[in-house]
Amino acid sequence: SGDVMAYYDNGIFAIVLRHTNMQNAQKKAETLLESAYNTTFFLGGSEIDMNLEMAVGMIKDDANTDKFIERLIRAMAKTSKDKENFAIVD
């Protein structure tokens with residue numbers, strides 16, 4: 001059916017976009033980042049400076065899902081507001 005967003009672990013969220021190709025997944029990542037960076041967030045009266053790490057990849061039917069997720073997590077370390085917006089993992 002539809003897309004799913006879930007908490008994975010250690011402050012990491014995953015979004016599974018069913019029926020989406022890599023190009024559209026990258027567009028959705030850009031839209032999510034743009035929205036987060038253009039929104040002002042407050043916690044206890046103090047503004048929070050958002051800095052997100054993101055990786056985009058397509059899970060293949062024959063892939064080892066656990067290893068693929070590990071690769072996505074490692075790739076996120078190369079991303080941030082001041083670096084690449086998101087990493088692409090094949």
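All values below were derived from every heavy atom in this structure, side-chain atoms included, with hydrogens, water molecules and symmetry-related copies excluded. Quantities reported herein were computed from a predicted structural model and do not represent experimental measurements.
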Partners of Tyr7 by ring pair (Phe, Tyr, Trp, His ring centres under 6.0 Å), sequence neighbours excluded? Phe13

In terms of hydrophobic clustering (I, L, V, M, F, W, Y; side-chain heavy atoms under 4.5 Å; direct or indirect links), are Val4 and Val56 co-clustered? no

Let me have the donor-acceptor pairs involving side chains of residues 44-54, under 3.5 Å, with sequence neighbours excluded, atom names and distances please.
{"residue": "Asp49", "atom": "OD1", "partner": "Lys81", "partner atom": "NZ", "Å": "2.5"}
{"residue": "Asn51", "atom": "OD1", "partner": "Lys81", "partner atom": "N", "Å": "2.7"}

Test item: Asn24 side-chain N/O and Thr20 main-chain N/O as donor-acceptor pair under 3.5 Å: no

How far does CG of Asp3 sit from CG of Leu17, to the nearest 0.5 angstrom? 4.5 Å

For Lys78, the side chain to side chain contact (heavy atoms under 4.5 Å, CB included) test, sequence neighbours excluded, returns none

Residues at least two apart in sequence or cross-chain that pass side chain to side chain contact (heavy atoms under 4.5 Å, CB included) with Thr39, listed by chain then number, are Ser35, Phe41

Please answer: with hydrophobic residues joined when any side-chain heavy atoms are less than 4.5 Å apart, are Ile15 and Tyr8 in the same cluster? no

Identify every side-chain donor-acceptor pair in residues 58-68 under 3.5 Å, counting partners at least two apart or on other chains, and give the distances.
{"residue": "Asn64", "atom": "OD1", "partner": "Asp66", "partner atom": "N", "Å": "3.1"}
{"residue": "Asn64", "atom": "OD1", "partner": "Lys67", "partner atom": "N", "Å": "3.1"}

Hits for side chain to side chain contact (heavy atoms under 4.5 Å, CB included) against Ile88, two or more places apart or cross-chain, chain-then-number order -> Met22, Gln26, Phe86, Asp90

Would one find more than 12 heavy atoms of other residues, nucleotides or ligands at under 6.0 Å from atom CD of Glu30? yes

Is there a path of hydrophobic side-chain contacts, each under 4.5 Å between heavy atoms, that joins Tyr37 and Leu32? yes

Look at the side chain of Thr79 and the backbone N and O of Ala77, then say whether any donor-acceptor pair between them is shorter than 3.5 Å. no

Applying the 4.5 Å side-chain criterion to the ILVMFWY set and letting contacts propagate, would Ile12 and Ile69 be lumped into a single cluster? yes

Identify the heavy atoms of Ala55 and Val89 that sit nearest to each other, and give their distance. CB-CG2, 4.4 Å

